[in-house]
**Student:** 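Once you've had a glance at the structure underneath, I'll fire off some questions.
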Amino acid sequence: MELPQDILLEIFSWLPGKSICKFKSCCMSFSNFPEEVNFKIKQARNLLKMEDTCFFIQPEQKCKKIIELHSLPKEKQSSGVPNNVLKFLSSSASVLASSNGLILCCNISDHDPIELFICNPITKSQCFIPTPESLQENYRKVNINILLDCSNGCVDDYKVYLFENTMEWSPTCYICKVYHGKEGVWKTMEKSFFPGSRNIKFDMSVLHNGVIYFISDCSPYFGRSSPFYMPYIVSYNLEHGMSTILRLPEEATKGCHENNVSCDMGIFKWGKLTNQNQSICLVRLRECVFNVWFLKDCESSSWQKVLEVRVKALGLKEKDLDVRGFMVMNGDLLIFATENKVYSCGLSGERFMMVEEICSHNCGYSIRLIPYLDTLRLCGTNVETMPC
């Protein structure tokens with residue numbers, strides 16, 4: 001018995017992009033579905049409720065040309081991107097951000113002006129974004145403080161947030177510009193972002209309930225009398241432009257300024273997509289010990305500790321257990337990379353403290369991890385085919 005077309009469309013619209021492409025190549029009755037705009041919109045909307053299945057891994061040094069994509073173990077057969085797309089990205093781009101199937105990239109040429117573009121690796125489509133004047137004038141001399149948001153219900157649109165430093169020295173004020181994919185223009189927020197006097201890790205941003213959260217660095221360049229002596233989290237409310245500093249757990253700041261002691265912190269989204277009490281979490285890696293807290297109450301800066309574990313106690317077989325990068329994926333899965341391998345460690349439920357080897361990698365000493373979900377989401381207007 002053959003199923004009606006509308007039922008087939010509904011079933012396939014819940015599959016990851018890689019699986020849909022496989023069905024397209026071997027099933028004649030399904031071959032036209034992935035090319036229809038309405039199907040792409042439906043699939044992208046359905047997968048807004050799904051967890052990320054993969055992650056990009058690349059060196060922090062943008063000049064080193066390598067980008068890898070790896071799937072979580074249970075998703076290896078159903079999720080991923082074509083190898084020729086990865087090869088193209090590795091040779092010409094750096095991945096800046098990812099959201100609901102789209103990735104935000106910039107070119108990595110040392111001689112050409114910065115070009116920003118949105119692409120969908122599954123559909124092999126891309127759309128260039130107008131480069132703001134600040135990046136045109138100071139290209140290759142400034143960091144690109146940028147993030148991508150495809151989390152709203154409008155699956156044929158997206159937003160890009162860019163934070164421009166208004167002072168060459170002592171960056172205490174940033175202009176926030178927003179690019180709307182449908183409109184194709186940058187708009188400046190009425191109020192600037194005031195992050196305090198510490199350097200901000202813009203690649204560790206979390207967008208949650210209309211507020212963007214950032215974390216500062218941990219370096220000891222202020223005296224004890226300074227209000228910015230300790231690291232902190234700072235938020236920017238997109239509705240009314242208010243900047244607010246949040247205190248870290250007292251335990252998290254202890255020992256972070258000690259000489260010859262490595263200490264790194266990052267913030268990530270906490271809780272499953274279906275959890276109404278989603279929040280943000282803080283991960284600290286100090287002297288090869290992971291500590292994880294989640295934010296219970298924003299107004300009082302109240303935190304609850306989830307995990308404290310030494311990397312050596314996780315039962316890994318490697319001799320060199322120096323962690324090169326980490327993130328929290330899907331709200332409760334700690335992903336971390338050593339010199340050669342990537343592992344996961346559950347942070348809640350039945351998988352708490354369960355450690356699994358995910359893959360090997362070749363991205364060097366200092367790396368960045370970026371979660372990804374393969375969808376058929378549209379890139380916006382003026383779409384081109386990726387040259388790969």
Side-chain angles (χ1 to χ4, degrees), residues 16-22 24-25 34-35 40 43-44 47 52-72 75-131 135 139-140 144 146-148 150 158 160 179 181 184 203 325 337 342 358-364 366-388:
K18 179 180 177 180
S19 297
I20 291 174
C21 291
K22 285 183 176 180
K24 176 186 175 182
S25 64
E35 306 305 323
K40 291 180 179 180
Q43 191 257 4
L47 267 62
D52 293 321
T53 57
C54 318
F55 56 89
F56 289 99
I57 179 171
Q58 65 183 9
E60 286 283 5
Q61 302 91 345
K62 295 182 176 63
C63 58
K64 187 172 182 179
K65 297 182 178 181
I66 182 170
I67 296 176
E68 298 179 6
L69 182 103
H70 299 282
S71 302
L72 296 177
E75 308 289 352
K76 285 186 177 180
Q77 298 302 316
S78 59
S79 297
V81 301
N83 289 330
N84 60 339
V85 174
L86 278 178
K87 186 176 180 180
F88 165 73
L89 292 174
S90 291
S91 65
S92 61
S94 174
V95 177
L96 302 175
S98 166
S99 182
N100 192 234
L102 298 186
I103 59 175
L104 173 61
C105 304
C106 73
N107 61 326
I108 54 176
S109 169
D110 291 329
H111 308 290
D112 298 327
I114 288 175
E115 287 186 319
L116 301 174
F117 63 95
I118 296 283
C119 72
N120 186 321
I122 291 294
T123 61
K124 298 182 181 180
S125 55
Q126 66 180 15
C127 176
F128 283 90
I129 295 176
T131 306
L135 298 183
Y139 70 92
R140 308 306 168 198
I144 305 177
I146 204 164
L147 63 146
L148 172 66
C150 300
Y158 57 84
V160 177
Y179 181 83
D203 60 343
V342 182
I358 298 176
C359 61
S360 299
H361 75 88
N362 298 290
C363 289
S366 181
I367 64 170
R368 188 176 175 212
L369 300 158
I370 302 172
Y372 172 73
L373 173 65
D374 48 325
T375 76
L376 304 179
R377 191 178 183 115
L378 303 174
C379 288
T381 57
N382 301 319
V383 176
E384 306 173 3
T385 300
M386 296 178 70
C388 54

**Student:** Short question: side chain of Q58, backbone of I367 - any donor-acceptor pair under 3.5 Å?
**Tutor:**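 Judged by distance alone, no pair lies under 3.5 Å.
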**Student:** C105 versus L89: any side-chain heavy-atom pair under 4.5 Å?
**Tutor:**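 A side-chain contact under 4.5 Å exists here.
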**Student:** Verify, without hydrogens or angle tests, whether S98 (side chain) and I103 (backbone) share a donor-acceptor contact under 3.5 angstrom.
**Tutor:**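 No: the side chain of S98 does not pair with the backbone of I103.
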**Student:** Nearest 0.5 Å, please: how far is CD1 in I118 from OG in S125?
**Tutor:**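 CD1 of I118 is found 10.5 Å from OG of S125.
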**Student:** About how many Å separate CG of D374 and CD1 of I122, when rounded to the nearest 0.5 Å?
**Tutor:**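 Here the rounded value is 4.5 Å.
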**Student:** Would you compute the distance between atom NZ of K124 and atom SG of C379 and round it to the nearest 0.5 angstrom?
**Tutor:**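 Separation between the atoms: 14.0 Å.
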**Student:** Would you give the length of the straight line joining atom CG of L148 to atom OH of Y158, rounded to the nearest 0.5 angstrom?
**Tutor:**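 Taking CG in L148 and OH in Y158, the distance rounds to 8.0 Å.
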**Student:** Counting C-beta onward and ignoring hydrogens, is there a side-chain heavy-atom pair between V342 and I57 closer than 4.5 Å?
**Tutor:**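 SC-SC contact between V342 and I57 confirmed.
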**Student:** Taking the side chain from S90 and the backbone from I66, do they hold a donor-acceptor pair closer than 3.5 Å?
**Tutor:**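 No; judged by distance alone, with no hydrogens or angles, the pair does not exist.
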**Student:** Please confirm whether the backbone N or O of I114 pairs with a side-chain atom of T131, one donor and one acceptor, at under 3.5 Å?
**Tutor:**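 Judged by distance alone, yes, a pair lies under 3.5 Å.
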**Student:** Quick one: does F56's side chain get under 4.5 Å of E68's, heavy atoms only?
**Tutor:**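 In short, these two side chains do not touch, never coming nearer than 4.5 Å.
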**Student:** I'd like to know if the side chain of R368 and the backbone of L96 have a donor-acceptor N/O pair within less than 3.5 Å.
**Tutor:**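 Present.
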**Student:** Can you name the closest pair of heavy atoms from I144 and C106 and give their distance?
**Tutor:**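 What the structure gives for the nearest pair is CD1-SG, 4.0 Å.
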**Student:** Is the shortest side-chain heavy-atom distance between L72 and T53 below 4.5 Å?
**Tutor:**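 With C-beta onward as the side chain, the pair stays apart.
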**Student:** With side chains defined as the heavy atoms from C-beta onward, is the minimum distance between C54 and E75 less than 4.5 Å?
**Tutor:**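 Not in contact.
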**Student:** Are any non-hydrogen side-chain atoms of E115 and I129 less than 4.5 angstrom apart?
**Tutor:**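 E115 vs I129: side chains apart.
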**Student:** Between Y179 and L116, does a side-chain contact (heavy atoms from CB on, under 4.5 Å) hold up when you go through it step by step?
**Tutor:** CA-CA 12 Å; Y179 181 83; L116 301 174; over 6 Å; no
**Student:** Using atom types as modelled and distance alone, determine if a side-chain donor or acceptor of N120 lies under 3.5 Å from a backbone N or O of R377.
**Tutor:**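 Yes; at least one donor-acceptor contact below 3.5 Å.
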**Student:** Which value, rounded to the nearest 0.5 Å, describes the distance between E384 atom CD and Q126 atom CD?
**Tutor:**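 E384 atom CD to Q126 atom CD measures 5.5 Å (nearest 0.5 Å).
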**Student:** Is it the case that the side chain of N107 and the backbone of P113 share a donor-acceptor pair, with hydrogens and angles ignored and the cut-off at 3.5 Å?
**Tutor:**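 Side chain of N107 to backbone of P113, a donor-acceptor pair under 3.5 Å: yes, one is there.
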**Student:** Kindly indicate whether the side chain of V95, heavy atoms from C-beta on, has any atom under 4.5 Å from the side chain of L104.
**Tutor:**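 No. Closest side-chain heavy atoms not under 4.5 Å.
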**Student:** Drop me the distance from L378's CG to L102's CG, to the nearest 0.5 angstrom.
**Tutor:**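 Rounded to the nearest 0.5 Å, the CG-CG separation comes to 8.5 Å.
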**Student:** Mind checking whether L69 and Y372 have side chains closer than 4.5 Å, heavy atoms only?
**Tutor:**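 They are in side-chain contact.
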**Student:** Output every pair passing ring pair (Phe, Tyr, Trp, His ring centres under 6.0 Å) with a member in residues 112-131, not counting sequence neighbours, ordered by first then second residue.
**Tutor:**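 Listed once each, the pairs are F117-F128.
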